[in-house]
A.B. asks: 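Mind having a look at this structure? Questions to follow.
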There are 2 protein chains.
Amino acid sequence: MGRTPAGETRKRIFEFMRHRLLAGDPPTTREVQEQFGFRAVQTAREHLEALVAEGLLAKARSQGRGQARSQARGYRLPALLEQATENCLIPLLGRVQAGGLTTALEDPEGLLPIHSRFSEKELFALRVRGDSMKDAAIVEDDIVIVRRQANANSGEIVVALVEDEATVKRLRKKGRRIELVPENDAYDVIVPDPARTIILGKVVEVRRYFGTPPLIAPYTDA
Amino acid sequence: MGRTPAGETRKRIFEFMRHRLLAGDPPTTREVQEQFGFRAVQTAREHLEALVAEGLLAKARSQGRGQARSQARGYRLPALLEQATENCLIPLLGRVQAGGLTTALEDPEGLLPIHSRFSEKELFALRVRGDSMKDAAIVEDDIVIVRRQANANSGEIVVALVEDEATVKRLRKKGRRIELVPENDAYDVIVPDPARTIILGKVVEVRRYFGTPPLIAPYTDA
DNA sequence: AGTTGTACCAGACGTTTGTCTGGTTCGTCA
DNA sequence: TGACGAACCAGACAAACGTCTGGTACAACT
């Protein structure tokens, strides 16, 4: 029977699917059936296939062999399919004061879940200490997300290890020399000894959380 | 045969699972088997069950009835299980200049994928225009993530609709009156007409992207 | 030499789950 | 009034998939 107003149930089903899929828990056809009180699997299936036809859902490929049948729990969000490098966990390193090179990078608060175009392995996050980048709108307790790279262009904001201390500054190249420029009149430009300075990476993102701290997963792997 | 050095394959399997699960595409036991070239399903299964025993993986509950059997593609990341309200898509609204109340909130750039403790429905994101919050380290083109709420405490940063224009300011309450305080000496405090002012929500997060823009999903639903 | 533990293999059983065939009810439009 | 499509239902088949039983090979320790 055409019980519901037309497309109304369909929309609710899409919302349900979207939530489950974003949670990483793809439902089966029968779970959809039960969720919406259908007495036939086929009803749920027809709605789902209609959503696929509309392009709102996608079905996971049956990788490899025959393709007649889809896989179990195989509905996906098409937008997420395109961007494989979506969800990842990157180490969030605490505010480092000093210490050796290795210790400077091994004080993890945990793993920060982010969405990024970059590959997970080339990223890490660092909590900012001090106000030397105040005029670049980066302040104490901000989290900078850093892409590991040994070089950067002049003008980019980088994380550098100077004399075993990690610091966030704007990079300025003068010929073959480099300078680390704070964005705060109260601080002086650092002209580091190249032999004792390593560029850890380039800041690709800044985040600041008010009130509620970010979701952080416990640090598990190395 | 004890081919691999001990725990080496196990670690690689965990990495594989983690990637697949974060991508929202949980593998089957047999997919793990093929991925690692095992000739028996059981081998993959034993590794997976070992990871569950170590607490690195979890198995999805067979919700409801008997619990003897797990569901298909049922391995999950335990950290993600605990926090159901993880992954969500929130509308990113463009920089609004003017326009009616409704139009002010309906100029979506797309859907921004984020991880948050808040429920998806109470959140939206807004691109910041102008430098009136410069001293609070919020500048042009920043993205503020806002939790919808009609009231806020004094001192919190809010998004308010004043005379049909959306604006980010710090809220100050003076008795029954409210003030919207810019954090920039070049601007004056706004003492808005309460009848023509609505607090849209409170800023819970600020983001700034350098170089590479954020991942944004196309706007689909209403 | 025996024991123990890890990593692996072969094959099977039974549930889960996608898919199919065929049917009903209702609203809409010609 | 009939045709048609949308939404729904009943029941079944077959592939996918978790799980089990019973094995082998090898290293480490006693």
Side-chain angles (χ1 to χ4, degrees), chain A residues 1-17 20-21 25-54 56-76, chain B residues 1-17 20-21 25-54 56-76:
Chain A
M1 318 157 184
R3 197 80 39 87
T4 40
E8 173 56 35
T9 304
R10 174 94 26 107
K11 206 163 189 173
R12 303 237 318 279
I13 290 182
F14 175 66
E15 279 306 309
F16 171 73
M17 292 298 287
R20 290 286 300 263
L21 292 175
D25 188 13
T28 64
T29 319
R30 280 169 179 84
E31 278 174 8
V32 176
Q33 175 198 349
E34 284 178 33
Q35 178 72 22
F36 289 88
F38 298 136
R39 269 175 292 178
V41 214
Q42 182 63 6
T43 306
R45 208 179 108 77
E46 280 165 7
H47 279 294
L48 291 170
E49 289 303 317
L51 287 168
V52 171
E54 291 176 42
L56 290 174
L57 287 182
K59 292 177 94 165
R61 78 290 158 198
S62 49
Q63 49 156 5
R65 44 172 75 99
Q67 77 292 9
R69 188 192 179 78
S70 309
Q71 64 180 40
R73 299 173 180 272
Y75 290 98
R76 297 290 182 269
Chain B
M1 316 159 187
R3 199 83 36 92
T4 40
E8 173 55 35
T9 304
R10 175 106 78 242
K11 206 162 189 173
R12 302 238 318 278
I13 290 182
F14 175 67
E15 278 306 309
F16 172 73
M17 292 298 287
R20 290 287 300 263
L21 293 173
D25 188 14
T28 64
T29 318
R30 280 171 180 83
E31 278 175 8
V32 176
Q33 175 198 347
E34 284 178 34
Q35 178 72 25
F36 289 88
F38 297 137
R39 268 174 292 178
V41 212
Q42 182 64 3
T43 305
R45 207 179 110 77
E46 279 165 9
H47 280 293
L48 291 170
E49 289 303 317
L51 287 167
V52 171
E54 290 176 42
L56 290 174
L57 287 182
K59 293 177 95 165
R61 78 289 159 196
S62 49
Q63 50 156 1
R65 42 173 75 100
Q67 75 292 8
R69 189 191 178 80
S70 308
Q71 64 181 39
R73 300 173 181 271
Y75 290 97
R76 297 290 180 270

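The sequence lines fix the lettering, A, B, ..., with proteins before strands; numbering per chain opens at 1. The figures here come from the full heavy-atom set of this structure, side chains too, leaving out hydrogens, waters and symmetry mates.
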A.B. asks: Using atom types as modelled and distance alone, determine if a side-chain donor or acceptor of R20(A) lies under 3.5 Å from a backbone N or O of D25(A).
C.D. replies: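 Yes; at least one donor-acceptor contact below 3.5 Å.
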
A.B. asks: Without decimals, in angstroms, what is the distance between E34(B) CD and dC17(D) P?
C.D. replies: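 Computing the E34(B):CD to dC17(D):P distance gives 10 Å.
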
A.B. asks: Looking only at heavy atoms, what is the nearest atom pair of F14(B) and L56(B), with distance?
C.D. replies: CE1-O, 3.4 Å

A.B. asks: Could you list, one pair per line, each protein nitrogen or oxygen that sits under 3.5 Å from a nitrogen or oxygen of nucleotides 12-15 of chain C, together with the distance?
C.D. replies:
| unit_1 | atom_1 | unit_2 | atom_2 | d |
| --- | --- | --- | --- | --- |
| dG14(C) | N2 | R69(B) | NH2 | 2.7 |
| dT15(C) | O2 | R69(B) | NH2 | 3.4 |

A.B. asks: Sequence neighbours excluded, which residues qualify as ring-ring contact (aromatic ring centres under 6.0 Å, His included) partners of Y75(B)?
C.D. replies: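 Checked Y75(B) against ring-ring contact (aromatic ring centres under 6.0 Å, His included); zero matches.
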
A.B. asks: Any heavy-atom pair between the side chains of R76(B) and L57(B) that's under 4.5 Å?
C.D. replies: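 No, their side chains stay 4.5 Å or more apart.
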
A.B. asks: If only side-chain N and O atoms of K59(B) are considered, is one of them under 4.0 Å from the OP1 or OP2 phosphate oxygen of dC17(D)?
C.D. replies: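 No, because none of the side-chain N or O atoms of K59(B) sits under 4.0 Å from OP1 or OP2 of dC17(D).
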
A.B. asks: To the nearest angstrom, how far is Q33(B) atom CD from dC17(D) atom P?
C.D. replies: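 Those two atoms, CD and P, are 12 Å apart.
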
A.B. asks: Hey, mind stepping through T9(A) and F38(A) against side chain to side chain contact (heavy atoms under 4.5 Å, CB included) and telling me if it holds?
C.D. replies: CA-CA 11 Å; T9(A) 304; F38(A) 298 136; 3.8 Å; yes

A.B. asks: On DNA chain C, compare the nucleotides closest to T43(B) and T29(A); which residue's is nearer the 5' end?
C.D. replies: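 The 5'-side residue here is T43(B).
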
A.B. asks: Does the side chain to side chain contact (heavy atoms under 4.5 Å, CB included) test come out yes or no for M17(A) and L48(A), once each step is laid out?
C.D. replies: CA-CA 9 Å; M17(A) 292 298 287; L48(A) 291 170; 3.8 Å; yes

A.B. asks: Measure from CZ on F36(A) to C1' on dC9(D) and round the result to the nearest Å.
C.D. replies: 18 Å

A.B. asks: Calculate the interatomic distance between R39(A) atom CZ and dT25(C) atom P; express it in whole Å.
C.D. replies: 12 Å

A.B. asks: Mind checking if R45(A) touches a base, just sugar-phosphate, or nothing, with heavy atoms under 4.0 Å?
C.D. replies: base

A.B. asks: What is the distance, rounded to the nearest whole Å, between atom CD of E8(A) and atom P of dA7(D)?
C.D. replies: 11 Å

A.B. asks: Taking only heavy atoms on the protein side, list every residue of residues 46-54 of chain A lying under 4.0 Å from any atom of DNA chain D, sorted numerically.
C.D. replies: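 Residues of residues 46-54 of chain A under 4.0 Å from DNA chain D: E46(A), H47(A).
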
A.B. asks: With a cut-off of less than 4.0 Å, is there a side-chain N or O of R73(A) near OP1 or OP2 of dC17(D)?
C.D. replies: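 For dC17(D), neither OP1 nor OP2 has a side-chain N or O of R73(A) closer than 4.0 Å.
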
A.B. asks: For the pair R73(B) (side chain) and P26(B) (backbone), establish whether a donor and an acceptor sit closer than 3.5 Å, ignoring hydrogens and angles.
C.D. replies: yes

A.B. asks: Between Q42(B) and A72(A), which is nearer to the 5' end of DNA chain D once each is assigned its nearest nucleotide?
C.D. replies: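 Closer to the 5' end of DNA chain D: A72(A).
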
A.B. asks: Distance check: side-chain N/O of T9(A) vs OP1/OP2 of dA7(D), anything under 4.0 Å?
C.D. replies: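 Answer is no, no contact under 4.0 Å.
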
A.B. asks: Just jot down the side chain to side chain contact (heavy atoms under 4.5 Å, CB included) partners of V41(A), sequence neighbours excluded, or say none.
C.D. replies: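 Listed in chain order: T29(A), R30(A), Q33(A).
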
A.B. asks: If the condition is side-chain hydrogen bond (donor to acceptor under 3.5 Å, both in side chains), which residues does R10(B) pass it with, not counting sequence neighbours?
C.D. replies: H47(B), E54(B)

